[in-house]
Novice: 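Next up is a structure, given as structure tokens.
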Amino acid sequence: MAAAAAHTAAAASSSSQHLSPSPTRRSRHHSRSQHLFSSPVPHGLRQCSHRVTHLHSPSTSRHLLPMSCSPSFPQDPVFFDQQQWKRAEEGANGGCAFDGRDDKPREECGVVGILGDPQASRLCSLALHALQHRGQEGAGIVSCDGDTLKSVTGLGLVSEVFGKDPSRLDALPGDAAVGHVRYSTSGAASSPLNVQPFLAGYRFGQVAVAHNGNLVNYAALRARLEDQGSIFNTSSDTEVVLHLIAISKSRPFVARVVEACEQLEGAYSLIFLTSDKLYAVRDPYGFRPLVMGRRRSNGAVVFASETCALDLIDAQYEREVERGEVIIVDRDGSVSSLCLIPRRDRRACVFEHIYFALPNSLVFGRPVHRERYNFGATLAAESPVPGGADVVIPVPDSGFFAALGYAERSGVPFQQGLIRSHYVGRTFIQPSQKIRDLGVRLKLAPVRGILEGKRVVVVDDSIVRGTTSSKIIRLIRVAGAKEVHMRIASPPIVGSCYYGVDTPSTQELISNRMDVEGVRREIVADSLAFLSLDSLKASLGEEAPTYCDACFSGKYPVPPRENEITRVEL
């Protein structure tokens, strides 16, 4: 393990029937989609409005040579139950692990890339703060001063990795940087080896990569590369991408990226940094979000998983990175756009609107707060409470806008009946099951004056295993509620996600094992209703067919392959 650690890599808009849509820039962004090239187009590639002539070149068994080590910083212990430890150790090649203390699916990560600002690493750390909701297990930044790439990564929140010791950002000079926040990838949650961005060297220099998504053919790719002699330092599917780039004989670097991505199946939003360029890449289905903007003060180009990161560093949103596109930013600020591989029909993750993204973000060209409001309003029209209700409350924070839509459509008063504590540390919960069960009381406190004697509608974004929902309902009943009616602003989750969202196995999904009435009895609600899949699609309007809803429908755009990898001893 010590040897491996020593050699690891730097360990949108549509119309709405409920809430008037805000003005969007989609048409304006599309008008900007034709980029001018500052240099000749590499042989075999075309601008993004055309199909790429695919590049095929023989592979070699050259090994990836890591250039730096990821420092591991002291962390408080994180406690997991036996099953969670097993999942963490054996891994699922998805880039994130389900957190049993909070019954929600987990987004894999958030990525940021900046080129053209002398404070790139500091701006990157701020942008990562804005994306902290997408990953809380580790954070890292790689910067470039025009010659050498340098890395600082560590376990914990962005504030823990970069905020406590200013010298860590001082060690990241240059006008270019790429950053990453993550949830636990395959491998132990506490391992620094899997913390991105990964920084490595190959025969033509250094390259750093940050990845959001999940490769469904990771196990097959890794096995093939290992058979060819490649040595892996992590259990992250992202490392496969670096190996594919390293063994490619194509030139220039963008051609290597194209050749590597032709072999990938699944979801990936990637940001690469080399000594002279910044690259943003999105898979041909567009599963995971990735946007581009420019800083208002100096025009520095910024890429990020969500527009909230652009807002925080005063960057103007320009457009999405299109599916199947690679955008190349040169040191002089010129931007080129190429087709990575032929586009498929778009399959954007609908759960970004339901839960993952921040409400102040624009995701897939649509304001997130508006979509959640509409889901809640549709749910109210579809599933009113029999006999009426006295108050509608959200499960904070992700249920807020759906509850607001439900309340306004139903005419039932909206109240903040549950208060969330934002100061409960991730490591506070102790290993005793009885103590862990009290964790929901630490995070959510009922307001007795709002709930006592009332018929309460509780609006949440989703139910995964049902454990948290049942605890919340018990809290509300103890606070004196007369009735508790649960309303879920998404359809029942019946299938696991293989495209960068971690959900439990299908056997753990309560809606996979039970019908709605069975779930209602399990969580002990007076009534329960989910937003139907048809209503979800109706709320999304004409763009509904372009969203991936496999976790609700079981219809997977890219058929999942083997989703467990052989345990790797590092």
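Side chains are part of it too, since the values below use all heavy atoms of this structure and drop only hydrogens, waters and symmetry mates.
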Novice: Nearest 0.5 angstrom please: Ser125 OG to Arg168 CZ, how far?
Specialist: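 Output value for this atom pair is 12.5 Å.
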
Novice: Please report the interatomic distance CD1(Ile354) to CG(Leu536), rounded to the nearest 0.5 Å.
Specialist: 5.5 Å

Novice: What I want to find out is whether Arg134 reaches Glu352 closely enough, with some N-O distance under 4.0 Å, to be called a salt bridge.
Specialist: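 Yes, charged N to carboxylate O under 4.0 Å.
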
Novice: Using 30° and 60° as the class limits, which term best fits the ring planes of Tyr499 and Phe287: parallel, tilted or perpendicular?
Specialist: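 Because their plane-to-plane angle is under 30°, the rings of Tyr499 and Phe287 count as parallel.
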
Novice: Just one of Val458, Leu531, Val457 clears the side-chain contact (heavy atoms from CB on, under 4.5 Å) bar with Arg487, so which one?
Specialist: Val457

Novice: Please round to the nearest 0.5 Å and tell me the distance separating atom CG of Asn214 and atom OH of Tyr498.
Specialist: 10.0 Å

Novice: With a 4.0 Å cut-off, would you call Arg346 and Glu543 a salt bridge?
Specialist: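 The answer is yes: the pair qualifies as a salt bridge.
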
Novice: Could you tell me the separation between the CZ atom of Arg347 and the CG atom of Asp283, rounded to the nearest 0.5 Å?
Specialist: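 Result: 12.0 Å between the selected atoms.
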
Novice: Closer than 3.5 angstrom, by distance alone: can the side chain of Ser398 be matched with the main-chain N or O of Tyr355 as a donor-acceptor pair?
Specialist: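 Judged by distance alone, no pair lies under 3.5 Å.
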
Novice: Could you walk me through whether Asp526 and Lys482 pass salt bridge (Lys or Arg N to Asp or Glu O under 4.0 Å), step by step?
Specialist: CA-CA 10 Å; Asp526 290 284; Lys482 182 179 179 181; over 6 Å; no

Novice: With a 3.5 Å distance limit and no angle check, can you tell me whether Gln132 reaches the backbone of Val158 through a side-chain donor-acceptor pair?
Specialist: yes

Novice: Can you tell me how far apart CD (Gln196) and CD (Glu239) are? Round to the nearest 0.5 Å.
Specialist: 10.0 Å

Novice: What distance do Arg420 atom CZ and Leu444 atom CG have between them, rounded to the nearest 0.5 Å?
Specialist: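 If I round to the nearest 0.5 Å, the distance is 8.0 Å.
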
Novice: Of all residues at least two apart in sequence or in a different chain, which pass the salt bridge (Lys or Arg N to Asp or Glu O under 4.0 Å) check with Asp345?
Specialist: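 If we apply the salt bridge (Lys or Arg N to Asp or Glu O under 4.0 Å) test to Asp345, skipping adjacent residues, there are no hits.
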
Novice: Would you say Thr234's side chain and Leu193's backbone share a donor-acceptor pair under 3.5 angstrom?
Specialist: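 No, Thr234 side chain to Leu193 backbone: no donor-acceptor pair under 3.5 Å.
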
Novice: Quick one: does NZ or CZ of Arg282 land under 6.0 Å from the six-membered ring centre of Tyr268, within 45 degrees of the ring axis?
Specialist: no

Novice: Tell me if the aromatic rings of Tyr547 and His353 count as close, with their centers under 6.0 Å from one another.
Specialist: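 Yes, close enough.
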
